[in-house]
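Remember, predicted model here, so these are calculated numbers, not experimental data.
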Amino acid sequence: IDPTMPLTLRRYLSFSGVSDDLRLSDALYEVGLSGRLLDPMARLSGGELHRAMLARALLRQPDFLVLDEPMSGVDVAGQVKLYQLIENIRDSYNCGVLLISHDLHVVMAATDRVVCLNHHICCTGRPASIVGEPEFRALFGTQVADQLALYHHHHDHDHGTDGAVVALSDLNEGDSN
């Protein structure tokens, strides 16, 4: 934003159709920009700008948010905070979030469902299943698929025939009898 453009956060947020300063301030508080209502938009960092855009969207009480590259221009620490904020918004507003991004490692670690596009829908599903899809591997390569930041569960227990958790050490001791 050009620094000579006199656009304050108040004016920017009012584009949502809300002009009540208390509601505008509450929206800024919700995204971590408390007390910034009169600040010029040109003074905001990349992460703050994305937070301001979220605040404006929240003023409309969304059922669904579409976030196109919401991490562009945001440093790594800011990205973590922004993803946490988006998750909190999703939960508190009980709204859906469509997040569009090229940052595969983050998307795959921070989403419930992935839709991979390459001129058409290549594959869709939970992140852990997508990395094994032939279309995904053809598009991004086996090395990318194998090295994405996905959670891998390592069992420190097993389950008995009744479904109860059995410690691996108990199983090993039972094998020696």
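- By the criterion of side-chain heavy atoms lying less than 4.5 angstrom apart, applied directly or through intervening Ile, Leu, Val, Met, Phe, Trp or Tyr residues, Val74 is not grouped with Val76; the two fall into different hydrophobic clusters.
- Remark: side-chain polar atoms of His119 are not paired, donor with acceptor, to backbone N or O of Leu117 under 3.5 angstrom.
- The two residues Pro62 and Cys95 come nearest to each other via the heavy atoms O-CB, 3.5 Å.
- Heavy atoms from other residues, nucleotides or ligands lying under 6.0 Å from NE2 of His120 number more than 12.
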| field | Criterion side chain to side chain contact (heavy atoms under 4.5 Å, CB included) on Leu65 and Leu54, from CA distance to verdict | value | CA-CA 9 Å; Leu65 287 171; Leu54 275 173; 4.2 Å; yes
| Do Leu44 and Leu9 pass the side chain to side chain contact (heavy atoms under 4.5 Å, CB included) test, and can you show the C-alpha distance, the side-chain angles, and the key distance before you say yes or no? | CA-CA 9 Å; Leu44 299 179; Leu9 271 167; 3.9 Å; yes
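- At a threshold of 4.5 Å between non-hydrogen side-chain atoms, the residues Arg126 and Arg113 do not count as touching.
- Within a 6.0 Å sphere centred on CG of Asp91, other residues, nucleotides and ligands contribute more than 12 heavy atoms.
- Rounded to the nearest 0.5 angstrom, Met53 CE and Asp68 CG are separated by 10.0 Å.
- Note: Leu82 CG to Asp75 CG = 10.5 Å, rounded to the nearest 0.5 Å.
- Side chain of Arg10 to main chain of Leu37: no donor-acceptor pair is present (N/O by atom type, distance under 3.5 Å, no hydrogens or angles).
- A distance of 11.5 Å separates CD1 of Ile130 from CZ of Arg137, quoted to the nearest 0.5 Å.
- Grouping Ile, Leu, Val, Met, Phe, Trp and Tyr by side-chain contacts under 4.5 Å, direct or through others, puts Phe64 with Val66, Leu98, Ile100.
- Contact annotation: the side chain of Asp112 approaches that of Arg90 to within less than 4.5 Å [non-hydrogen atoms, C-beta and beyond].
- For Arg60 against Ser16, the heavy-atom pair with the smallest separation is CD-O, 3.1 Å.
- With a 4.5 Å cut-off on side-chain heavy atoms, Ser72 and His50 count as touching.
- The line from CD of Glu69 to CG of Asp103 is 6.5 Å long, rounded to the nearest 0.5 Å.
- Between Leu139 and Cys122, the closest heavy-atom pair is CD2-SG, 4.4 Å.
- Remark: Leu24 CG to Leu33 CG distance equals 12.5 Å, nearest 0.5 Å.
- Counting only heavy atoms from C-beta outward, the side chains of Thr8 and Leu13 never approach each other to under 4.5 Å.
- In this structure, Leu7 and Pro40 have side chains that are not in contact, with every pair of non-hydrogen atoms separated by 4.5 Å or more.
- Side-chain atoms of Ser25 never come within 3.5 Å of backbone atoms of Leu22 as a donor-acceptor pair (strictly under, hydrogens ignored).
- No side-chain heavy atom of Phe140 sits under 4.5 Å from any side-chain heavy atom of Glu135.
- Counting only heavy atoms from C-beta outward, the side chains of Leu28 and Ser34 never approach each other to under 4.5 Å.
- Ring geometry, Phe15 versus Tyr12: the interplanar angle exceeds 60°, so the pair is classed perpendicular (tilted spans 30 to 60°).
- Note: Ile86 CD1 to Gln79 CD = 10.0 Å, rounded to the nearest 0.5 Å.
- In terms of modelled atom types and a separation under 3.5 Å, the side chain of Ser129 and the main chain of Gly125 share no donor-acceptor contact.
- Counting only heavy atoms from C-beta outward, the side chains of Val114 and Thr124 never approach each other to under 4.5 Å.
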| said: Assess the residue pair Glu48 and Arg36 against the criterion (side chain to side chain contact (heavy atoms under 4.5 Å, CB included)); give the C-alpha distance rounded to whole Å, side-chain angles, the decisive distance to 0.1 Å, and a yes or no. | reply: CA-CA 10 Å; Glu48 290 170 337; Arg36 308 280 303 270; 3.0 Å; yes
| field | side chain to side chain contact (heavy atoms under 4.5 Å, CB included) between Tyr83 and Leu99, worked out | value | CA-CA 10 Å; Tyr83 272 113; Leu99 190 138; 3.7 Å; yes
